[in-house]
Amino acid sequence: MTSNATENTPGTEHPPGTENPTGQDAGADSASLLARHRAVTPSWLALYYREPLELTHGEGRHVHGSDGRRYLDFFGGILTTMTAHALPEVTRAVAEQAGRILHTSTLYLSTPMVELAEEIAELSGIPNAKVFFTTSGTEANDAALLLATSARRSNQVLAMRNSYHGRSFSTVGITGNRAWSPTSLSPLQTLYVHGSVRTTGPFAHLDDKAFIEACVADLEDMLSQVGGPVAALIAEPIQGVGGFTHGPDGLFAAFKRVLDRHGILWISDEVQTGWGRTGDYFWGWQAHAEAGPPDALTFAKGLGNGLSIGGVVGRAELMDCLDANSISTFGGSPVTTAGALANLRYALDHDLQGNARRVGAVLRERIEAGAKQLPIVREVRGRGLMLGVELVDRDGEPSSQAASLTLEHARDLGLLIGKGGPLGNTLRIAPPLTLTRDEAEHGAELLVQALDRAQRDLWKDSKEASR
């Protein structure tokens, strides 16, 4: 492995936000495209920004918009551009495979699918593992729930409060975040557990050891009152849409000891935490490893670097438990698995996990230093290159307006970020894992400027409202 994770990676030669004319009338074309978008897509399909942005191309950690500007990308298409935009190794693998055959389905053998499955099974840390590929994280979690409920002959599932697991009917049913739960109907009976939000809730005042003990006692009490078997606990090691919140290290290990006594499976949702993004660990579950690996973990997003791929890796007896026919038309596609394999090998060969740890520490340090003088920032949290910045108003109350204002100002400055949290007041910072130290420092500087501008706007509005 090379120690320099960003050497020869494209996209480091220009500052963000500089002009890059595309030859288009940006204002007119954007307005026209937005009108067409609104006419043919559902009203609930969200868009960022007061004036929505079309991204046309990218390189390295930067993207270009149809507005003619170049941006430093600190969100990666929702934590999906794991290595870099237009990474030559990935585009070459996709082009070469597309030139041979685009599609076959799982009814036929596929060398890239088998090679990728072999790598993931070995990396998973799960003994005697098998892999099933899907086209998204939602579908991966859906498949994991099907396997767990079939194996345990139960539709009862444990999930974490403030969680998010996808947009399908079954995954909405286990999502513990009302902002992303459009229906109360579900094929599953879901029981929500404490533990993934450390700084609020009934146990927030406890130290880490007592916090874990209280969460375990709550889990034990809940299980003592449940009729019939429970299939599984599904949990994100760090909650993504929930605002990059997480409990203390060792929480899920303590849970697993309880689960094992009851025969309940543990599914680790690694759709956002996998592939080294947290820096300290390759998988999020490894922060809770003293009780052993999960029975299954789900993955997606970063593996494909933008290609539509997800999947489940789990113990063979769990993966083999279905007693009906099943295939996947698009899961394990030759093109997506070839591209994902090239992307994964690049991440491993260039020690991007180590880069996430080193550069992520610099990024967090710079954000925290700048935020000390900004009361709008309640907390900076997360791990590696998966950082959350929780925002409040002048009275210290959660403020989605603060997050929206910061997004707008960051874009104006040439920086793209995300937002989340149950109240929409947390900024989500998740750049590609090849981020350089210089880019981290510059991005942090832009973010602090955006926060300062948002605070001024918010404070000004609150003063005017009180007159």
Side-chain angles (χ1 to χ4, degrees), residues 42-48 75 78-80 136-142 144-145 156-204 215 218-219 222 232-247 251-252 255 267-274 284 298 300-301 310 378-379 381-383 386-392 397-404 407 417-430:
S43 59
W44 42 260
L45 196 62
L47 289 167
Y48 272 169
F75 199 37
I78 319 178
L79 292 85
T80 300
S136 70
T138 291
E139 191 187 346
N141 285 331
D142 209 63
L145 292 169
Q156 296 191 106
V157 173
L158 298 169
M160 304 303 296
R161 299 182 184 192
N162 194 49
S163 59
Y164 175 83
H165 297 285
R167 55 173 171 71
S168 67
F169 190 49
S170 67
T171 54
V172 163
I174 59 165
T175 288
N177 183 329
R178 66 181 180 183
W180 294 88
S181 301
T183 178
S184 61
L185 299 174
S186 175
L188 303 169
Q189 180 179 342
T190 308
L191 307 167
Y192 291 104
V193 181
H194 283 292
S196 286
V197 182
R198 182 67 185 87
T199 56
T200 61
F203 306 144
C215 292
D218 176 70
L219 174 62
M222 178 183 291
L233 165 70
I234 184 168
E236 305 156 275
I238 299 178
Q239 294 185 324
V241 170
F244 292 177
T245 61
H246 63 91
L251 172 70
F252 292 116
F255 279 178
I267 302 166
S268 186
D269 180 342
E270 303 273 356
V271 169
Q272 298 196 32
T273 50
T298 57
K301 289 191 182 290
R378 178 182 180 271
E379 182 185 17
R381 57 177 176 253
R383 270 194 152 115
M386 188 176 182
L387 301 176
V389 182
E390 186 175 345
L391 306 183
V392 294
E397 296 299 318
S399 175
S400 61
Q401 184 185 5
S404 295
L407 249 67
I417 55 178
K419 65 176 181 175
L423 300 174
N425 67 313
T426 301
L427 306 178
R428 299 167 71 196
I429 313 298

Determine the minimum heavy-atom distance between [X] and [Y], stating which atoms define it.
X      : Y      : value
Pro422 : Gly242 : CD-O, 3.4 Å
Ala159 : Thr190 : CB-CG2, 3.9 Å
His194 : Phe255 : O-CZ, 3.5 Å
Phe244 : Arg428 : CE2-NE, 3.5 Å
Pro237 : Glu270 : CG-OE2, 3.6 Å
Leu251 : Cys215 : CD1-CB, 3.9 Å

Residues in side-chain contact (heavy atoms from CB on, under 4.5 Å) with [X], at least two apart?
X      : answer
Ala300 : Val271
Leu423 : Pro398, Asn425
Arg198 : Asp208, Phe211, Pro248

When you measure from the side chain of Ser186 to the backbone N and O of Leu188, does any donor-acceptor pair fall under 3.5 Å?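 A pair under 3.5 Å: yes.
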
Say whether, by atom type as modelled, one donor and one acceptor occur between the side chain of Thr138 and the main chain of Ser168 under 3.5 angstrom.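 Answer holds: no.
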
Heavy-atom distance under 4.5 Å between the side chains of [X] and [Y], does that happen here?
X      : Y      : value
Glu236 : Thr273 : no
Pro182 : Val172 : yes
Met160 : Val193 : yes
His246 : Phe252 : no
Leu219 : Leu158 : yes

Is it the case that atom CD1 in Ile78 sees more than 12 heavy atoms from other parts of the structure closer than 6.0 Å?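 Not buried by this count: 12 neighbours or fewer within 6.0 Å.
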
Atom [atom1] in [X], atom [atom2] in [Y]: separation rounded to 0.5 Å?
X      : Y      : atom1 : atom2 : result
Ile417 : Leu387 : CD1   : CG    : 12.0 Å
Leu407 : Lys419 : CG    : NZ    : 6.0 Å
Thr298 : Ile267 : OG1   : CD1   : 7.5 Å
Leu145 : Ser170 : CG    : OG    : 5.5 Å
Gln272 : Leu79  : CD    : CG    : 5.0 Å
Asn141 : Tyr164 : CG    : OH    : 9.5 Å

The criterion is salt bridge (charged side-chain N to carboxylate O under 4.0 Å, His left out); which residues satisfy it with [X], sequence neighbours excluded?
X      : value
Arg161 : none
Glu390 : Arg378, Arg381
Arg383 : Asp249, Asp280

Residue pair Asn162 / Ser196, side-chain donor-acceptor N/O under 3.5 Å: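 No, no side-chain donor-acceptor contact under 3.5 Å.
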
Identify the residue among Thr171, Thr175, Asp269 that makes a side-chain hydrogen bond (donor to acceptor under 3.5 Å, both in side chains) with His165.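 The option that passes is Asp269.
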
